[in-house]
Amino acid sequence: MEIRINAINYNGSLVDGPGLRTVVFLQGCNIKCNGCHNEITWDENRGILRDVNELANELILNVKNKKITISGGEPLFQEKAVLELVRLLKGMDICLYTGSNLEEVPKEILPFLRYIKVGKYKKELKCSTKPYIGSTNQKFIDLLNDKIL
């Protein structure tokens, strides 16, 4: 199975979930929020096609602290490939950033995640004081402890 990626940030991010995280930016978005900071990831025909198994092996080998955030674009635009990827990354501390509501996220994906950011970005509700979200309508959820951060 293949997955289309835009980029991988191995330098680490402190704003895409708790701890220093490697961020995998997927290509393709069907939500296209007004004011999105990552519009370059919208076009589903751009980016690089990767084999999911090879990508998982690369991440397991290179992400020493086991903290990975899957962002986009919209990761659930490639739902089947993301499910396969998170299955292969079992045991890693995985965070998924999606514009979908929690009820819309496929239930099969949730057991493989530690954290999830849900909700469409709304420019008029922009927030820079609460960690891990872009607008106040969004929620960042610790799935292991069942609480909103």
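A salt bridge links Asp93 and Arg21; the closest N-O separation between the charged side-chain nitrogens and carboxylate oxygens is under 4.0 Å.
Contact check for Asp146 versus Asp142: no side-chain heavy atoms found under the 4.5 Å cut-off. A heavy-atom distance below 4.5 Å is found between the side chains of Pro18 and Tyr132. Proximity of Ile141 to Leu149: side-chain heavy atoms (C-beta onward) are nowhere separated by under 4.5 Å. Thr41 is not listed as a side-chain neighbour of Leu26, based on a closest heavy-atom distance of 4.5 Å or more. Residues Val15 and Pro131 fail the side-chain proximity criterion, which asks for heavy atoms closer than 4.5 Å. With contacts defined as side-chain heavy-atom distances shorter than 4.5 Å, the pair Lys117/Phe140 qualifies. Side-chain contact check for Leu49 versus Ile3: every heavy-atom pair is 4.5 Å or farther apart.
Neither Leu113 nor Val23 shares a network with the other; the hydrophobic side chains, linked directly or stepwise wherever heavy atoms of I, L, V, M, F, W or Y lie under 4.5 Å apart, form separate groups for each. Under the 4.5 Å side-chain heavy-atom criterion for ILVMFWY residues, no single connected hydrophobic cluster contains both Leu61 and Leu20. Under the 4.5 Å side-chain heavy-atom criterion for Ile, Leu, Val, Met, Phe, Trp and Tyr, Leu14 and Val24 are members of distinct hydrophobic clusters. Taken together through direct or relayed side-chain contacts under 4.5 Å among Ile, Leu, Val, Met, Phe, Trp and Tyr, Ile5 and Phe25 form parts of separate hydrophobic clusters. Cluster annotation: Leu110 is connected to Leu83 through the hydrophobic network of ILVMFWY side chains, with a link wherever side-chain heavy atoms come within less than 4.5 Å.
Shown here for Leu96 and Leu76, the closest heavy-atom pair between the two residues is CD2-CD2, 4.2 Å. Gly73 and Cys29 get closest at one heavy-atom pair: CA-CB, 4.0 Å. The two residues Phe77 and Gln27 have their closest heavy-atom pair at CD2-O, 4.5 Å. Nearest heavy atoms, Met1 versus Glu84: SD-CB, 4.1 Å. Residues Asp16 and Thr69 share a closest heavy-atom pair of O-OG1, 2.5 Å. Residues Ile133 and Lys139 approach most closely at CG2-C, 4.3 Å, considering heavy atoms.
With sequence neighbours excluded, the residues forming a side-chain contact (heavy atoms from CB on, under 4.5 Å) with Glu58 are Ile8, Tyr10, Arg50, Asn62, listed by chain and number.
Separating the CD atom in Gln78 from the NZ atom in Lys80 is a distance of 12.5 Å, to the nearest 0.5 Å. Between the SG atom in Cys33 and the CG atom in Asn38 there is a gap of 11.5 Å [rounded to 0.5 Å]. Interatomic distance, SG of Cys36 versus CH2 of Trp42, reported as 5.5 Å (0.5 Å rounding). The distance from the CG atom of Asn11 to the OG1 atom of Thr22 is 9.0 Å, given to the nearest 0.5 Å. Rounded to the nearest 0.5 angstrom, Arg87 CZ and Ile109 CD1 are separated by 9.0 Å. Rounding to the nearest 0.5 Å gives a distance of 12.0 Å between CG of Leu59 and CD of Glu54.
Using a distance-only test at 3.5 Å, with no hydrogens or angles considered, no donor-acceptor pair links the side chain of Asn145 to the main chain of Lys147.
Atom NZ of Lys107 is surrounded by more than 12 heavy atoms from other residues, nucleotides or ligands within 6.0 Å. The number of heavy-atom neighbours closer than 6.0 Å to CD1 of Ile40, taken from other residues, nucleotides and ligands shown, is 12 or below.
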Side-chain donor-acceptor pairs under 3.5 Å in residues 120-127, sequence neighbours left out?
none

Audit row: Met92, Val63, side chain to side chain contact (heavy atoms under 4.5 Å, CB included) steps and yes/no = CA-CA 9 Å; Met92 303 283 266; Val63 181; 4.1 Å; yes
request  = Test Leu89 against Leu85 for side chain to side chain contact (heavy atoms under 4.5 Å, CB included), laying out the working first.
outcome  = CA-CA 6 Å; Leu89 295 174; Leu85 180 62; 3.8 Å; yes
task = Go through Ile68 and Ile70 one step at a time and tell me if the side chain to side chain contact (heavy atoms under 4.5 Å, CB included) criterion holds.
result = CA-CA 7 Å; Ile68 296 173; Ile70 301 170; 4.3 Å; yes
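Within the structure, side-chain hydrogen bond (donor to acceptor under 3.5 Å, both in side chains) pairs that include any residue of residues 94-104 comprise Glu74-Thr98, Thr98-Ser100 (at least two apart or interchain).
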